[in-house]
Amino acid sequence: MYTQSMDTMGKDGSPDADSRPKAVRSTEEMLLQQRFDARIDDGDFIEAKDWMPENYRKTLTRQISQHAHSEIVGMLPEGNWISRAPTLKRKAILLAKVQDEGGHGLYLYAAAETLGQSRDQLLDALHTGRAKYSSIFNYPTLTWADIGVIGWLVDGAAIMNQVPICRCSFAPYARAMVRICREESFHQRQGYDALLTMMQGTDAQKAMVQDAVNRWWWPSIQMFGPPDDQSPNSAQSMRWGIKRISNDELRAKFIDATVDQAKVLGVTLPDPDLKWNEARGHFDHGPIDWSEFWRVVGGDGPMNHERLAARVKAWDDGAWVREAALVHARKQAAPSAAAAA
Amino acid sequence: MTDTTADKIIDNEWPLWEVFVRTKAGLDHKHCGSLHAADPKLAIQMARDVYTRRQEGSSVWVVRSDQIIASDPGDKDMYFDPMEDKVYRHPTFYKLPTEVDHM
């Protein structure tokens, strides 16, 4: 799943794109910068040990690690329903999906760590609130229908975001994204499949699905981040080949695809202003409540406290396991070292 | 990263391993990423869990990352340049009569 970390507009205290005065940089560094820029312009890939501007490194560390945090935290709202899945088939599917999310987080931590920060440092940033995760996961899963809707809308939005990142200039991130995209499409299909089953069921099931759609629609389209004209960092990100498509363009593509899917499902998307605009070639939509978005990103969503507490508890409770494994490994290694001495 | 808190944290971390997977008999092992594990046995098990969830592994290798010797990307030009002017290594360098050009 995805994070909209790029467009926090400095509201989380992140440094400006390029605040260092040019006069301080040596000739050699300017040459390296030129070569780097030329490689980006050529559509070439940057690997972990290549020279890169410090802010490119910082920006990517932030984006990739927050993407990783999002995957791990994203296991929580769905994990909530594993024990209550209506059938064995749905339970097995949900287990597989949540396991995938864990795996995706691990691919992304591995990619982020190639930029120099350690896993413990990245996790420390999350646990102390300095690093964010996608705020979509700050909403609760109230019914089984929420699980289907998350697969359909949230994973759907994530896929739309993630496919372009497969061509991100930073190769470890791009490669992780290729792996993730391969596994992601079943996530959306299983959600839609579950909803189809319920929409062909009782009136109570249909009402449950519609209620879930009503609660998850607006947060889902907010996953693409603030409008382009309120996203000053997007330009630098595009210049560096990290971001390939703008927030608004991704959002429009997602809405266009989803309107048809909603029709097939038989649900109403909770936006009376959704209307096809022939001139734009996209659906027009109603006003998005960005004040709610920033409130939730800032920590005041329904589940922020619980999500972070769950992660910190898991880390703290697991400390003895990590230590024991290390001590055991060292003990196993010690006899052979003594023998060699 | 000279922060002492960071140094303390790193000392207690599980070491980093690079993972290589052969998806099918006949193919090469391909590097697919890294993971942290306390020892070789855990590393192999975790590599299976993280990198072969779709049955895409007939063989898995794990190598401690600090055991890998790599060329320096900064030396890329110096290290690989000499190959650039040895065009006679390529089949297209040789112009043969049409009747035998399928070689």
Side-chain angles (χ1 to χ4, degrees), chain A residues 28 32 35 39 45-52 61 95-97 99-125 128 171-173 175-176 178-180 182-183 186 318-319 321-333, chain B residues 1-21 23 30-57 60 62-80:
Chain A
E28 194 199 336
L32 288 165
R35 287 165 86 183
R39 287 176 70 182
F45 283 109
I46 309 295
E47 294 288 353
K49 296 298 174 214
D50 291 340
W51 184 90
M52 60 185 77
T61 300
L95 276 166
K97 178 176 196 286
Q99 187 189 33
D100 265 359
E101 310 294 11
H104 295 176
L106 292 176
Y107 301 154
L108 290 163
Y109 282 127
E113 285 167 55
T114 65
L115 289 163
Q117 295 242 302
S118 76
R119 177 74 59 87
D120 282 12
Q121 286 172 315
L122 298 174
L123 289 177
D124 188 61
T128 56
Y173 192 21
R175 287 192 289 264
V178 168
R179 200 167 256 283
I180 287 173
R182 231 185 277 140
E183 301 180 351
F186 116 73
V321 175
R322 297 190 297 277
E323 282 169 39
L326 261 183
V327 169
H328 176 78
R330 283 173 189 154
K331 276 192 191 159
Q332 299 294 99
Chain B
M1 246 130 304
T2 51
D3 169 34
T4 47
T5 321
D7 291 341
K8 240 189 286 183
I9 288 171
I10 289 168
D11 274 342
N12 281 329
E13 272 199 43
W14 288 355
L16 192 67
W17 304 73
E18 300 300 326
V19 179
F20 302 81
V21 174
T23 52
K30 241 180 80 167
H31 180 242
C32 46
S34 62
L35 54 81
H36 292 273
D39 62 35
K41 190 155 154 229
L42 268 181
I44 274 280
Q45 280 176 3
M46 288 178 178
R48 188 207 61 180
D49 290 343
V50 180
Y51 291 105
T52 70
R53 271 196 308 284
R54 297 288 192 283
Q55 226 194 1
E56 65 274 44
V60 176
V62 291
V63 182
R64 282 271 303 246
S65 305
D66 59 15
Q67 296 289 297
I68 292 182
I69 315 295
S71 60
D72 180 355
D75 291 340
K76 216 179 343 226
D77 292 343
M78 277 194 308
Y79 203 71
F80 296 110

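A, B, ... follow the sequence lines: proteins, then strands. Residue 1 opens every chain.
- Side-chain N or O atoms of B:E13 include none that pairs as donor or acceptor with a backbone N or O of A:S118 at under 3.5 Å.
- Between chain B and the options A:A111, A:A96, A:A329, heavy-atom pairs under 4.5 Å are most frequent for A:A329.
- Contact residues of residues 36-46 of chain B toward chain A are B:H36, B:A38, B:D39, B:L42 (heavy-atom distance under 4.5 Å).
- Among the candidates B:C32, B:S65, B:P15, the residue making the largest number of heavy-atom pairs closer than 4.5 Å to chain A is B:C32.
- Neither the backbone nor the side chain of A:R182 comes within less than 4.5 Å of any heavy atom in chain B.
- Residues satisfying the salt bridge (charged side-chain N to carboxylate O under 4.0 Å, His left out) criterion with A:R322, sequence neighbours excluded, are absent altogether.
- No side-chain heavy atom of A:E113 sits under 4.5 Å from any side-chain heavy atom of B:S34.
- Residues A:R119 and B:W14 have side chains not in contact (no heavy-atom distance under 4.5 Å, counting atoms from C-beta outward).
- A:E183 has a carboxylate O that lies under 4.0 Å from a charged side-chain N of B:R53, or vice versa, which qualifies the two as a salt bridge.
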